[in-house]
Amino acid sequence: MLEKINNLYAESIQSQISASKLLPEVVVRAAEKMVETLLAGNKIIVCGQGRAYANAQFLVANLLHRYELARPSFPAVLLSLDGAVASAIYAENPNDNLYLRQFEAIAHKGDLVIVYTPCGTEENILSLMHSASGRELSIIALTGKNHDHVKGFLAEQDIEIPVPAHKESRILEQHLFITNSLCELVDFSLFSHNL
């Protein structure tokens, strides 16, 4: 078991090193897009599916409450899979429309959509991205190395943050790090005199 945990650390560290060489500029662009959205008085709509849902929840919690700095809440909405809402939608609609009813009710021009899609094949996420593109909303997509399906849903103004890993657990770890980084960069941009 000791060898296994050492291998897991090595794998995680290597994933972090690879990402650190490829992603800093695109993460900065994504943070700038978030700041631009917030300063324009618009909201950030976030979703993830499966285990990626936890990262989506974490981002919204950080935006609505705070990250490390006490500050006003930022308008952020998590498209929810919890409770009666999801149960009612799921019971009467095809599986790939799970988020669309919620999204169509709250999305407005100028809003920003952030999706967590580690596998790049999550039909609910792809349907949401298609709807967002049709409404001309900007998208930030956190993906993994297998992201070919996602590319077809992204327009020129959209941003993809493709983690250079195949294994879902490593991708999710990187997505959490990127989420923390985005929150810190947004706070730094808007409240740098306090950081």
Side-chain angles (χ1 to χ4, degrees), residues 23 26-27 29-30 33-34 36-38 40 42-64 74-176 178-179 182:
L23 299 180
V26 72
V27 172
R29 281 191 11 244
K33 177 77 82 172
M34 292 171 70
E36 176 186 309
T37 298
L38 295 170
N42 296 307
K43 66 183 165 298
I44 297 173
I45 301 169
V46 186
C47 77
Q49 185 175 322
R51 293 186 293 168
Y53 186 69
N55 282 336
Q57 282 183 313
F58 187 62
L59 174 60
V60 172
N62 287 341
L63 293 172
L64 281 176
F74 296 140
V77 178
L78 175 68
L79 296 181
S80 176
L81 291 172
D82 296 331
V85 172
S87 179
I89 292 170
Y90 186 77
E92 296 180 13
N93 293 281
N95 191 24
D96 62 346
N97 290 326
L98 191 56
Y99 291 115
L100 289 182
R101 300 277 298 184
Q102 299 171 71
F103 177 71
E104 290 168 355
I106 64 167
H108 291 67
K109 186 175 182 180
D111 290 344
L112 174 64
V113 177
I114 299 180
V115 297
Y116 289 81
T117 175
C119 299
T121 57
E122 298 90 345
E123 291 298 326
N124 289 311
I125 304 297
L126 297 177
S127 292
L128 174 71
M129 291 174 68
H130 178 70
S131 180
S133 294
R135 291 169 170 257
E136 299 180 8
L137 298 182
S138 293
I139 300 168
I140 296 173
L142 286 86
T143 65
K145 206 159 189 171
N146 301 323
H147 54 98
D148 292 342
H149 289 84
V150 173
K151 287 193 172 296
F153 292 92
L154 297 174
E156 188 176 325
Q157 79 275 5
D158 299 330
I159 298 171
E160 181 185 12
I161 306 176
V163 170
H166 290 287
K167 195 172 178 182
E168 187 180 14
S169 55
R170 299 293 80 83
I171 296 168
L172 292 170
E173 287 172 1
Q174 289 301 312
H175 284 181
L176 181 57
I178 292 165
T179 298
L182 289 170

task: Kindly give the heavy-atom pair with the smallest separation between D158 and L137, and that separation in Å.
output: OD1-O, 3.9 Å

message: Side chains of L154 and S133, heavy atoms from C-beta outward: is any pair under 4.5 Å?
response: no

message: Can you give me the closest heavy-atom contact between L172 and N55, atom names plus distance?
response: O-ND2, 3.3 Å

query: Which heavy-atom pair separates G144 from I171 by the least distance, and what is that distance?
result: CA-CD1, 3.7 Å

Value rounded to 0.5 Å, distance of CD1 in I114 from CD1 in I44: 5.0 Å

query: Between L182 and V27, is any pair of side-chain heavy atoms under 4.5 Å apart?
result: yes

task: Give a yes or no answer on whether the side chain of K33 reaches the backbone of L112 with a donor-acceptor pair at less than 3.5 Å.
output: no

query: How close do A56 and C47 get, heavy atom to heavy atom, and via which atoms?
result: CB-C, 3.8 Å

statement: Rounding to 0.5 Å, atoms CD (E160) and CZ (R29) come to a distance of 10.5 Å

field: Q49 vs E123 side-chain heavy atoms within contact, under 4.5 Å
entry: no

task: First locate atom CG of L126, then atom OG1 of T117, and finally report the distance between them rounded to the nearest 0.5 Å.
output: 6.0 Å

message: Any heavy-atom pair between the side chains of L142 and V163 that's under 4.5 Å?
response: no

message: Could you tell me if the side chain of P75 sits less than 4.5 Å from the side chain of N42, heavy atoms only?
response: no

message: Ignoring hydrogens, what is the shortest heavy-atom contact between P118 and E168? Give both atom names and the distance.
response: CG-OE2, 3.9 Å

field: Within-4.5 Å side-chain heavy-atom neighbours: I45 and Y99
entry: no

A141 versus M129, closest heavy-atom pair with distance: CB-CE, 4.3 Å

field: Min side-chain heavy-atom separation M34-F74 under 4.5 Å
entry: no

Gap separating the OG atom of S127 from the CZ atom of F153, nearest 0.5 angstrom: 7.0 Å

query: Going from CG on L100 to NE2 on H130, what distance comes out if it is rounded to the nearest 0.5 angstrom?
result: 9.0 Å

query: Do E122 and Y116 come within less than 4.5 Å of each other through their side chains, counting heavy atoms only?
result: no

query: How many angstroms lie between atom CD of Q157 and atom CD1 of I139, to the nearest 0.5 angstrom?
result: 7.5 Å

- request: Please report the C-alpha distance between I106 and L79 in whole Å, then the side-chain angles of each, then the deciding distance to 0.1 Å, and finally whether the side-chain contact (heavy atoms from CB on, under 4.5 Å) criterion is met.
  value: CA-CA 10 Å; I106 64 167; L79 296 181; 4.0 Å; yes

